[in-house]
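First the structure, in the form of structure tokens, and then the observations on it.
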Amino acid sequence: MEPVRPDFVPDPSLSRTEMEALQRSVAADAEFADRLPFDPATVSQTTGPADTTGSAQSTLTGERPMTTAHEPPVVAGIDQSFINDTAISAIVALQDGEVIERTHAVTELSVPYIPGLLSFREGEAIVEAFATLDCEPDLACFDGSGRIHFRQAGLATHMGVVFDLPAIGIAKNLLCGEPRESVDDRAEGWRTPIESTDAVDCPSGTTIGYAYQSRQYDSGNRYINPLYVSPGHRVSAETAVDLVAAFGGGYKLPEPTRLADSYADEVKSSVVDD
DNA sequence: GCGACAG
DNA sequence: ATCTTGTCGC
């Protein structure tokens, strides 16, 4: 698929000031409320077959006509791996728990990693990978932040707006914002809101995402850190974390992202020998 | 000036 | 992100 907003595609040659200005424009167009082509409540927690009762599809939203999605919805996981200054962006598309497509792109990096400007480093590889994707996802899961970002325009938000695709950001570390409660040693399934501080471009105290304990050891003295889930585009913070919880999979990372992660490493290995 | 910072 | 052995637990 191709960008719906070519003018928002992250350009690495921009100055830092221009990059930040673009992020503010992206944030202005981002939607942090549910506008999905499917009913999030119908996403099975077991990644198994969807309900066929026929009455599950909500018809309550009477404003914008809910675009018809695939049944069940197609969910894409996107992740990158690197070899020096070469980036590999991998996309794995799932439907009903089954992989229906895998694709990737290899590009050269031109800017270093700078906290807050990640989309300008990895964005081009991602856009090129999407250009080779045949199916049309109903939801995209990115590795990194969405609204949990200084200008509310993290990687997931930026890419979501560029493709006008419902998107979720799934990060392993917190970029900014503050957990309402301590995230230490939590049980599996636990969650707490991430509230904005004055470092974020929105009223302080706004829920910009959730810390979510996707997995935890049953016993012992070792602990797993939570994931930081935030809205990318067209999803609320609550729905974003509900969806990640519903994807399950038994690992720390939700299945779409986990498969994209391993596929990116797989491609990396195959690129190493040539 | 100090602290903080996704991948 | 990436580089990597050993180690803990089921």
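No hydrogens, no waters, no symmetry mates; every other heavy atom, side chains included, goes into these values. The sequence lines fix the lettering, A, B, ..., with proteins before strands; numbering per chain opens at 1.
Taken residue by residue, residues 189-205 of chain A places no heavy atom nearer than 4.0 Å to DNA chain B.
Cation-pi geometry between A/Arg16 and A/Phe120 is not met at under 6.0 angstrom from the ring centre and within 45 degrees of the axis.
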Sugar-phosphate or base contact per nucleotide [nucleotides 1-7 of chain B; S, B, -; heavy atom under 4.0 Å]: ----BBB
Contact letters for nucleotides 5-10 of chain C, in which S counts primed atoms plus P, OP1 and OP2 and B counts the base, heavy atoms under 4.0 Å: -----S
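A single hydrophobic cluster is not seen to contain both A/Leu227 and A/Val183; linkage of ILVMFWY side chains at heavy-atom distances under 4.5 Å, directly or through other members, places them apart. A/Tyr251 is not connected to A/Tyr212 by any chain of hydrophobic side-chain contacts under 4.5 Å among Ile, Leu, Val, Met, Phe, Trp and Tyr, and they are in different clusters. Hydrophobic clustering, with ILVMFWY side chains joined whenever heavy atoms are under 4.5 angstrom apart, groups A/Leu14 together with A/Val26. A/Leu253 and A/Leu118 are not part of a single hydrophobic cluster, where members link through side-chain heavy atoms under 4.5 Å apart. One hydrophobic cluster, built from ILVMFWY side chains closer than 4.5 Å, holds both A/Ile88 and A/Val99.
Between A/Ser13 and A/Asp11, the side chains place a donor N or O and an acceptor N or O closer than 3.5 Å (distance only, hydrogens not considered). For the 3.5 Å distance criterion, the side chains of A/Ser230 and A/Ser145 fail to qualify, holding no donor opposite an acceptor.
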Audit row: A/Arg102, A/Glu266, salt bridge (Lys or Arg N to Asp or Glu O under 4.0 Å) steps and yes/no: CA-CA 12 Å; A/Arg102 298 202 305 178; A/Glu266 193 179 307; 3.2 Å; yes
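Base-pairing analysis of DNA chain C finds no stem of at least three consecutive Watson-Crick or G-U pairs with both pairing distances under 3.5 Å.
Counting only residues at least two apart or on different chains, the salt bridge (charged side-chain N to carboxylate O under 4.0 Å, His left out) pairs with a member in residues 170-186 of chain A are A/Arg180-A/Glu195, A/Glu181-A/Arg186.
Ring orientation note: the planes of A/Phe142 and A/Phe130 are tilted relative to one another, at an angle of 30° to 60°.
Checking A/Ser214, A/Pro254, A/Pro256 one by one against A/Val244, the side chain to side chain contact (heavy atoms under 4.5 Å, CB included) holds for a single residue, A/Pro254.
In this structure, the CG atom of A/Asp265 is 6 Å from the P atom of C/dT2, given to the nearest Å.
A/Leu139 is not listed as a side-chain neighbour of A/Leu165, based on a closest heavy-atom distance of 4.5 Å or more. Side-chain contact between A/Ser89 and A/Glu122: absent, with no pair of heavy atoms (C-beta onward) separated by less than 4.5 Å.
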Intra- and inter-strand pairs of DNA chain B in dot-bracket (Watson-Crick or G-U wobble, both distances under 3.5 Å; | for another strand): .......
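Annotation for A/Glu188: atom CD counts as buried by contact number, over 12 foreign heavy atoms lying within 6.0 Å.
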